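Please read all numbers here as calculations on a predicted model, not as lab measurements. Naming convention: chains lettered A, B, ... in sequence-line order (proteins, then strands); numbering from 1 in each chain.
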2 protein chains.
Amino acid sequence: MPLIPTTKPRLNISQQLANSLRDMIFEGDLGAGERINEVHLSEALGVSRTPLREALTLLVAEEAMINIPRRGFFVRELTRREFEDLYPIRSILDPEALRLSGIPSVGSFATLERLNVEIRDATDMKTRVSLDDAWHLELVSGCENQILIGLIMNFMNRFRRYGLAFARERKVIETANQEHVEIIHALRADEMDEACETLRKNLTSNKDPILAWLDERQDLEG
Amino acid sequence: MPLIPTTKPRLNISQQLANSLRDMIFEGDLGAGERINEVHLSEALGVSRTPLREALTLLVAEEAMINIPRRGFFVRELTRREFEDLYPIRSILDPEALRLSGIPSVGSFATLERLNVEIRDATDMKTRVSLDDAWHLELVSGCENQILIGLIMNFMNRFRRYGLAFARERKVIETANQEHVEIIHALRADEMDEACETLRKNLTSNKDPILAWLDERQDLEG
DNA sequence: TAATTGCGTACTGTATGCAGTATGCCACTA
DNA sequence: TAGTGGCATACTGCATACAGTACGCAATTA
């Protein structure tokens, strides 16, 4: 009898709901700043309020929601402030993970190059963003520090909301695919420092257009 | 009528419970690996299971608990693996926050020096750890990146469990107080790079004794 | 004696009901 | 007409009840 079950036990409803709600936020079904009506939403999803509230609580801790006592749950706003704050952190997390990973394996190099082609060919922004995230995860796949990887994935999710919300209004960002090539090139040459520096640049390549869009948005409200 | 209430609304029971449970974990009232019996614990705390489960869910996202479907909530184990993984991350987060903070203000320097004296004079490990955390927070108090500060506080909490559990068995760690002096000295001389480097060292000063203790512990089990 | 099956117990997961609070609307007043 | 107060409504916060599942123990068999 294994202490840790070999097959992953099926998720309970709360955990499934957390995944669904996360997707609904990405898709824009739950808009930024929107208030959650627990009764309506639970009925719409065909569950009761208890597991829904637990799922919302999980998202609060992920910073995707906020909970104001006696007023309820709200989808977190997209703010210039948060967006700007995320960058310097991600810019140190990813290179650190790359250093810990070391030079990629032969198979990993192949995957990185394959993904890079797929990114270039992707037509819609949603798959492009997914593939870009997959590329960055593959880049640090040799990193055994699961806490660091978990952090990076959380930051990916937080960035993704901005990228997708932007894309809904502005179609596509021409992500700097060339930098991925440069990073691979540097790693093949065993130039870790150079790879990290290019990676740091690559991580901020989307910044300006989205910042400009956020400012416009702000102006419309104010 | 302000949109955002000026006085902070009182916390609801779930949020209060999360704070209590966090303290109970620090105090060792809830031991590492311990299974939570929701009925017993909710009765002991004088609340019902619903807010307790919401509080536990919050702690799951903080990595203080884990939730195995249909088996319940467990206090996270203290493992060599987690402890080692935390270090490289904290070692890049704190210096980055210090850089973003810039050179401390006059008042901040004073606070840092006052705290340093208090750390030296502290007799028990619990206040020593608290004061050390306060010192490190003061060091980065000029940092306006709240997400980064929040991350650092989360890592402090995770380290604290190890420090306190160690202290319960081994009394006191002689924390390298001298490094704090060196950091202050470097900052007064406007030597940010040197300060960051010393900070990075200081953050790992507790590592070895606690690692050795974790290994012993592991041996006893295996 | 060791292994295995079946059952009872105890616990988690979810639904639901009730109490208390926030909020918006309407009437009333200046 | 603008501003204020009170009331109705709808929503959240919490307790509780019930259903389904995991787990340990005993009985049974080899």
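Using a 4.5 Å heavy-atom cutoff, the side chains of A:D94 and A:N202 are not in contact.
Within residues 13-24 of chain A, the residues that have a heavy atom under 4.0 Å from DNA chain C are, in order of number, A:I13, A:S14. For the segment residues 38-61 of chain B, residues with any heavy atom less than 4.0 angstrom from an atom of DNA chain D are, sorted by number, B:V47, B:S48, B:R49, B:T50, B:P51.
We find the CG-CG distance between B:N12 and B:L17 to be 9.0 Å, quoted to the nearest 0.5 Å. A:L211 contributes atom CG, which lies 10.0 Å from atom OH of A:Y162 (distance to the nearest 0.5 angstrom). The line from CG of B:L98 to NE2 of B:H136 is 11.0 Å long, rounded to the nearest 0.5 Å.
Ring orientation note: the planes of B:F83 and B:F159 are nearly perpendicular, at an angle over 60° on the 30°/60° scale.
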Salt bridge (Lys or Arg N to Asp or Glu O under 4.0 Å) between B:K126 and B:E27, worked out:
CA-CA 9 Å; B:K126 217 177 102 188; B:E27 295 296 332; 3.1 Å; yes

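The CG atom of A:N67 sits 9 Å away from the C1' atom of D:dT12 (whole-angstrom rounding). We find that CE of B:M65 is positioned 12 Å from P of C:dT12, with the value rounded to whole Å. The nearest whole Å value for the distance from the CZ atom in B:R35 to the P atom in C:dC11 is 8 Å. Nucleotide D:dA22 holds its C1' atom 16 Å from the CZ atom of B:F73, rounded to whole Å. Rounded to whole angstrom, the span from the CG atom of B:N12 across to the P atom of D:dC11 amounts to 19 Å. The interatomic distance linking A:I68 (CD1) with D:dC11 (P) rounds to 17 Å, in whole Å.
For the pairing with B:Q15, the side-chain contact (heavy atoms from CB on, under 4.5 Å) check across A:T57, A:V60, A:N67 returns one residue only, A:N67.
Listed pair A:R71 / C:dT21 fails the phosphate criterion, with no side-chain N or O lying under 4.0 Å from OP1 or OP2. Distances shown here put every side-chain N or O of A:R70 at or beyond 4.0 Å from the OP1 or OP2 atom of D:dG13.
Shown here is A:E144, whose CD atom has no more than 12 heavy atoms of other residues, nucleotides or ligands within 6.0 Å.
When only modelled atom types and interatomic distance are considered, B:R22 and B:N19 share a side-chain donor-acceptor pair under 3.5 Å.
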